Protein chains: 2
Amino acid sequence: MGTVLDSDASPVRLALVAEDPLARGALSRALSEQAGDIAVIASGTLAEVESSRAGDAPDVVLWDVGLHPSEVGGRMEAPELGAPVLALVPDESAGEGALSTGARGLLFRDVAPAPLWAALRAVARGLSVFDPALSALRATPRAGASASAPEGLTPREREVLALLAEGLSNKAIAERLDISEHTAKFHVNAVLAKLGVQRRTEAVVRAARMGLVTL
Amino acid sequence: MGTVLDSDASPVRLALVAEDPLARGALSRALSEQAGDIAVIASGTLAEVESSRAGDAPDVVLWDVGLHPSEVGGRMEAPELGAPVLALVPDESAGEGALSTGARGLLFRDVAPAPLWAALRAVARGLSVFDPALSALRATPRAGASASAPEGLTPREREVLALLAEGLSNKAIAERLDISEHTAKFHVNAVLAKLGVQRRTEAVVRAARMGLVTL
DNA sequence: TCCCGACCTACCCGAATGGCTAGTCCCCCT
DNA sequence: AGGGGGACTAGCCATTCGGGTAGGTCGGGA
């Protein structure tokens, strides 16, 4: 942070951390298709990136925790590279772990490119960024209250439920998830069925009562 | 989403809401110095912007709650312009209030330009953005936050709102209140209008957040 | 007295919703 | 290799919603 000019134009220097080469490649490729104000200065597994640390530290670390973060080992080990970490998680449970390791932001792994770029820049500027569906985790100790039935609900359905709780219409949900309105309806129906209700409003109320979503 | 290019290049359409003309001017000026991918399509006080709503809705609302949001009146009234709201608050206490009105992001008023741009883009993409010092909020069970405005809502409307929060259809509400379905719709519409929402689900969420109903 | 607000009823119409059936990928598990 | 499940797309159809407009009654305050 210094001159006036660096305010926005200065490229964001990014360190990309992912154990899975495939995921790393996909992210790296997607990143490179960017206008150019995001520069990948390091990429590799956690060990690789931490060792290859060449003089200049990144502005932000994009950390893909992978599909099965729990299998990796006892606890999740977050990158420690002197920069805020934006974690990509497969689901809510992984989000808790990532947060506890100090992640500054939390997005789902399948986030669309545009939001990802925006999030990276925001985190690089020192902000915290969350997917709305994950923002409930913030500082929430999650007192084992998971009790309810997240089971039965697939990840996609939980995602839809979260948007449902935002009061979005099917069309809006479709746009947000970048799927067809038909599919959005499909998922909404699945949620309604699994929650045993007829109306989306009911679904939101029940979900809120069960702690599936945070209003 | 279609081409690669639209992913990030598409300009963000912003509505700027601030009661204080000075603050508005400062923000507006700062905004205009931007590269150009943020277009201010509306600017003014809450009332002004909400009324001048010209056809196309913004992608994001930048809302400056001012220096003394508590003095304004009993409760904070958030912009409801069909877009996620990024609130600029003077301190943590104001943050709680802003959150309870549904703000999607929370930054301090004196945030630097760069983080602000980044945050605006992220919120426009559907993400939640917080200043790290504020991200711990939300966990607080909206202590004094309730206080809200049962005023504005007539007794009958509050009654309808309660049934709305049960997920009842217009017909069901009509039967429960022993009035015609037409009348039920009438009251529901009144509630929607007074809460500033389009969908009954939204109404329930907002009402819950404001403490008007208990889920 | 007259006006106003709360409350109630009614009709029209386009959009949204939910319910149903059906089909395609893809991946995992047996 | 085959089965099953999740994610996605699709069309059809009846109902519900939401918005707008246009009334009606009643009680209280100006």
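None of these values were measured; they are calculated from a predicted model. Just so it is clear, the values below take in all heavy atoms, side chains as well, and ignore hydrogens, waters and symmetry mates. Letters A, B, ... mirror the listed sequences (proteins, then strands); counts begin at 1.
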Asker: Taking only the side-chain nitrogens and oxygens of B:T154, find out if one of them lies under 4.0 Å from OP1 or OP2 of C:dC7.
Answerer: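 True: B:T154 side-chain N/O within range (under 4.0 Å) of C:dC7 OP1/OP2.
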Asker: Using only side-chain N and O atoms of B:R200, determine if any of them is under 4.0 Å from OP1 or OP2 of D:dG18.
Answerer: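 Indeed, a polar side-chain atom of B:R200 lies that close.
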Asker: When you get a sec, tell me which of C:dG18, C:dC7, D:dG18 is the closest nucleotide to the side chain of A:V188?
Answerer: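 Comparing C:dG18, C:dC7, D:dG18 against the side chain of A:V188, the answer is C:dG18.
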Asker: Tell me whether the OP1 or OP2 atom of C:dC8 has a side-chain N or O from B:R156 closer than 4.0 Å.
Answerer: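 Answer is yes, contact under 4.0 Å.
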Asker: Base, sugar-phosphate, or nothing: which does A:Q198 touch, judged by heavy atoms less than 4.0 Å apart?
Answerer: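 If one applies the 4.0 Å heavy-atom cut-off, A:Q198 turns out to touch the sugar-phosphate alone, with no base involved.
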Asker: A:S28 and A:S43: side-chain donor and acceptor closer than 3.5 Å?
Answerer: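 On atom types as modelled, these side chains do not qualify, holding no pair under 3.5 Å.
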Asker: Is the distance from OP1 or OP2 of D:dT9 to the nearest side-chain N or O of A:S180 less than 4.0 Å?
Answerer: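 For A:S180, the contact criterion (side-chain N or O under 4.0 Å from OP1 or OP2 of D:dT9) is met.
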Asker: Think B:N170 has a side-chain N or O under 4.0 angstrom from the OP1 or OP2 of D:dC17?
Answerer: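 So the side chain of B:N170 is within the cut-off, an N or O lying under 4.0 Å from OP1 or OP2 of D:dC17.
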Asker: Give the rounded distance in Å between these two atoms: CD of B:E202 and C1' of C:dA16.
Answerer: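 B:E202 atom CD is separated from C:dA16 atom C1' by 13 Å.
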Asker: Could you state the atom-to-atom distance from CG of B:N189 to C1' of D:dG18 in whole Å?
Answerer: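 In whole Å, D:dG18 C1' lies 6 Å from B:N189 CG.
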Asker: Expressed in angstrom and rounded to an integer, what is the separation of A:H182 atom NE2 from C:dG23 atom P?
Answerer: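 Interatomic distance, NE2 of A:H182 to P of C:dG23: 16 Å.
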Asker: Looking at A:K185, I'd like to know whether one of its side-chain N or O atoms comes within less than 4.0 Å of OP1 or OP2 on C:dT17.
Answerer: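 No, because none of the side-chain N or O atoms of A:K185 sits under 4.0 Å from OP1 or OP2 of C:dT17.
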Asker: Using only side-chain N and O atoms of A:T183, determine if any of them is under 4.0 Å from OP1 or OP2 of D:dT9.
Answerer: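 Affirmative; the distance criterion is met.
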Asker: How many Å lie between CG on B:L153 and C1' on C:dG5, as a whole number?
Answerer: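 So the two atoms are 15 Å apart, to the nearest Å.
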Asker: From C:dA10, D:dA10, D:dA7, pick the nucleotide closest to the side chain of A:H187?
Answerer: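 Nucleotide nearest to A:H187's side chain: D:dA7.
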Asker: Between A:S169 and C:dA16, is there a side-chain N or O to OP1/OP2 distance below 4.0 Å?
Answerer: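 No, outside the criterion.
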